Engineer: 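Right, I'll just put the structure down here and ask away after.
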Amino acid sequence: MHEFHIVVCMKVVPKAEEIRVDPESLLLDRENARSEINPPDMNAIEHALRIKDQCRARVSILSMGPPLFESILRVGLAMGADDFYLLSDRAFAGADTLATTYTLARGIDKIGDVDLVICGEESADGATGQVPAGIAEWLGWPQVTLATEFQLSDDYTVCTARREIPGGYEVHRVKLPAVFSVKTASNEPRFMDFDRKPWAMEEAGVIVWSRSDIEVEDDLIGLKGSPTIVSGLEQAETRARQQHMLEGDPESIAAQLAEILAPFHTRN
Amino acid sequence: MIDALLIDDGLQDEMMGVFGQAAWACFQCGACTATCPWGIVSERSLSIREMMRRAQLSVGGAGGDVWLCTDCGQCLQSCPRGVPVSRVFQAWRGQLWKKRTVESGLTPVLWSVYWNGNPLSQPPSERMNWADGLDVPLFDAKEHEYLLFVGCTASYDPRAQKAARALVRILNTSGSDYGVLGEQERCCGECVLRMGHRPYFEDIARANLEQFRKAGVRRVVTISPHCYDAFNNHYPDRKEFVSIHYSQLLLDLLASGKIDLESTPSSRLSFHDPCLLSRANPEYETPREILAHFDGIEFEELDRSRAETLCCGGGGGRIFLETLPDERFSNLRIQEAQQHAIQTLLTTCPLCISCLEDSRSAIQVENLKVLDLAEFIVSAIVPDGRE
Amino acid sequence: MAVSLYGPEDARQTVCVYLEHNAGRLEDVSLGLISKALELTSGSDWRVCGLILGDDTRKPAQEALARGLGEVISIQHEIMTRFDVSAFTRACFEVILQEKPAVFILGATPDGRDLAGRLAVRLRTGLNADCTDLRLNLETGQLISEVSGFGGGVIALLESPAHRPQMSTVRPGVFEQQFVRPVKSGVIRQIDVSLSRSDLQSELLERSVGERLDLSKSQVLICGGRGMHGEFVQLNALAEQLGGEVGATRPPVDEGYIERERQIGQTGVVCRPKLAVTCGISGAFHFVVGIQEADTVVAINIDPQAEIFNYCDYGVVADAHQVIPALIEALARESHSSHA
């Protein structure tokens, strides 16, 4: 029988507070930043592993990035994933959403017989949230974004997913294979299983595919395959709080506060 | 009808690892349950005796009670057979980690230790922010006699930061040769151990030992009794370095005349003994000897002191779990201080300070201050002691 | 080089705005986009058109004209009773290829993101997501999108020089709705797209939009502490007014003034709202960790020494009991005048 196969797309991001823009080159200085697994992707793998807890399923990690991703994403193997595919090639570098989703989709094709692709809601660095839809489009599969719960049909061909929308929820039923993104913080990612950890960190073989291993058109990958360019980059004001003290009589303070709060109205 | 009791194989293995031949030492006298501070705050109390029996028989079902233990060590103190009760609790918890049925909120603590090097979800790059404006050198084995291990709470919690700042001001005035690891300092792992994840604790211990070894650390001074206890009693194969608590260092400095006490505070004092400096490590004379260096202070012991101290409630990972208001040990402690008309309650542990400060403001006690011993001393040696 | 289905040379000087609607009304984010598109193109030959899809688009399409659009392209089809990413992508794709706009902008809502992500791939074009500002060079037709990354730590300007349409989704709430005189000659153009049930990708089994308490997702959080002395009525009113939720520190929860689900901090809920207003809160660390990811923090406390003032963007040394009612009134006045 076909083994139910879930691919979780994951990436590594530098810790946000350590990112600096080099004032001269206007490039991001990621070199000196500590890295971690993109936090929303931790929710994605937890959802995949919960499905695996309930039925016989294989969970594979798929990532695109430099070799340094390897040691960090092995954490996913220690959490319970079975395989780890890393798409790594200098030619993949500089990819925007279009090239990234193309490359990941070709990786999923190459893995083959995938039933479910689960992604995090968005990446902490780019925060585009467009990757799940892009992958789904390249693959021609249905998509459900912002999912919080999954329920598979008895024959594993249909998935019912609850998704979160502003102010409420929806329940969708889609035929598999399909692509899902999961709502950030929709679960509490399990810690590493220390019985698996030695295997995961040392022994497990990571399947590294370069450009020639997956069937890609050179025009569609990396910088060449990316329509968007960065024409300017600046360091936003740091998270340090402004600590601006408002002065005046109660009336005037209320008026100042009203002005500050007005943009935050979330309802009409 | 009687429910069948199911033997839990995983628990049995875990418990065998803890007890070994001592498995049957517990003869169910119940002294542990009788002396457990949970009995003071809650009618249902924590039946350690029952849990010991379940542990012996490897029968699960201890439920949420496993997470009540603050690892205060009072039961160990009362046990006539020397049963390692807290190890048993950790083993219970270890089993729940394996089954992934731990209380919600605890897994993120472990992940934070993993990604941030602290259990408080704070950025590692901000670990030295506590020392802003102070001269705190990075450790260099060639220059420094010892490593000051700041610990996570003192690094990030603004209340505890004040204690750390007070301490380094004392060290700087007394010409001490110390350095810190700065952003490279990582959690000692004590909270992980108490929360029952022994394998991860062992990983952390190995990594920290390796870091100390590389840096050439021979002597460690900790701010938190929790780091101190972890280094001294739980780190494996620790031969290269000795670890002391900062109160011991301050006593040395006072005894050797390197600290001049210029003034004597006039308030009525008492001392809250942290569990880990009274029961697990019998260091309770140290703060009292320090206070003896002050002339004419007004000091009164609390009812429960030294080895009979009352836990603040923040140990054993409890600081990461919610405790209902009428079940907070620290409330009792504040009330006790109030009954003795204490004006300044001293202690030497960042978690104790955090819990006691919380209870002090909850009970709305106006004329009681909670101070770290270092804060108290700095106010006696520096003209403008309070920052 | 990846090539889009049409390039700058074939693109028309058109900004196409995707219009989201619900219950016969345009969504706020779409109204903001209309205003921005009109502003970007004002005084030029550029054309701005709306694109609206649904089983009945008449009312919201009219509303778009009333908001100053000269043209709305409407696709009505009986299967489009609700958003379905597959059917909507297909319909939009056809219209875009017919109209060849140089710019296509959408709201970065769940539906907008779903649609934009698929459409950009199908059109082989660039997509900038969750933008916080847009600029348009009317000469070159180049759209410049401002986005923030790394939790807002970095701001980047992005362009798609060789690909059309230039697609961007815009973060809801960043563009204000301007009042614009309706265009008298405004037209609604119906375009037929052949669709069938098989174009729907998913079955919607259930949909519920209502009140559910989840503080971690609240965009606006009004927090009360010990200093409120159990008075949460005003805070509830302020939260209601701003469309937010009320949270609390441990003491009011302990004292039973408010449910424990609303406790914020290390042992409660950790939130990342756009705005947190703390009232009568001193700022203990275990509380502060619950709001430290907030975009903006306003603190009101009577004690000028309170620790919370080290964690706020705006601080008010005053009794919250006095400030909040005045604030509620001031906000009411302001929203009244802006809607008039």
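In the text below, chain A, chain B and the rest are named by the order of the sequence lines, each starting its count at 1. Just so you know, these numbers come straight off a predicted model, no measurement behind them.
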Engineer: Name the residue from B:Leu368, B:Val370, B:Asn331 that meets the side-chain contact (heavy atoms from CB on, under 4.5 Å) definition with B:Leu356.
Structural biologist: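 When B:Leu368, B:Val370, B:Asn331 are each tested with B:Leu356, the side-chain contact (heavy atoms from CB on, under 4.5 Å) holds only for B:Val370.
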
Engineer: Using non-hydrogen atoms only, which part of B:Arg328 is less than 4.5 Å away from chain C: side chain, backbone, both, or neither?
Structural biologist: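 Contact with chain C involves the side chain of B:Arg328 alone.
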
Engineer: Which one wins on heavy-atom pair count under 4.5 Å against chain C: B:Pro108, B:Gly105, B:Ser361?
Structural biologist: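 Of the options given, most contacts go to B:Ser361.
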
Engineer: Non-hydrogen atoms of chain C under 4.5 Å away: do they reach the side chain of B:Glu357, the backbone, both or neither?
Structural biologist: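 For B:Glu357, no heavy atom lies under 4.5 Å from chain C.
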
Engineer: Heavy atoms only, distances under 4.5 angstrom: which of C:Arg250, C:Gln263, C:Glu255, C:His286 has the most pairs with chain B? Name it, please.
Structural biologist: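 Most heavy-atom pairs within the cutoff with chain B belong to C:Arg250.
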
Engineer: Can you tell which part of C:Tyr311 gets under 4.5 Å to a heavy atom of chain B, answering side chain, backbone, both or neither?
Structural biologist: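 Contact with chain B: side chain only.
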
Engineer: Please identify which of these residues, C:Asn236, C:Val246, C:Leu235, meets the side-chain contact (heavy atoms from CB on, under 4.5 Å) condition with C:Ile258.
Structural biologist: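 Among C:Asn236, C:Val246, C:Leu235, the one meeting side-chain contact (heavy atoms from CB on, under 4.5 Å) with C:Ile258 is C:Val246.
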
Engineer: Under 3.5 Å, is there a donor-acceptor pair linking the side chains of C:Glu20 and C:Thr109?
Structural biologist: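 Indeed, the side chains of C:Glu20 and C:Thr109 share at least one donor-acceptor pair under 3.5 Å.
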
Engineer: Taking B:Ser112 for the side chain and B:Asn118 for the main chain, is one N or O donor matched with an acceptor at less than 3.5 Å?
Structural biologist: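 A pair under 3.5 Å: yes.
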
Engineer: Does B:Leu106 reach the side chain of B:Trp67, with side-chain heavy atoms less than 4.5 Å apart?
Structural biologist: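 SC-SC contact between B:Leu106 and B:Trp67 confirmed.
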
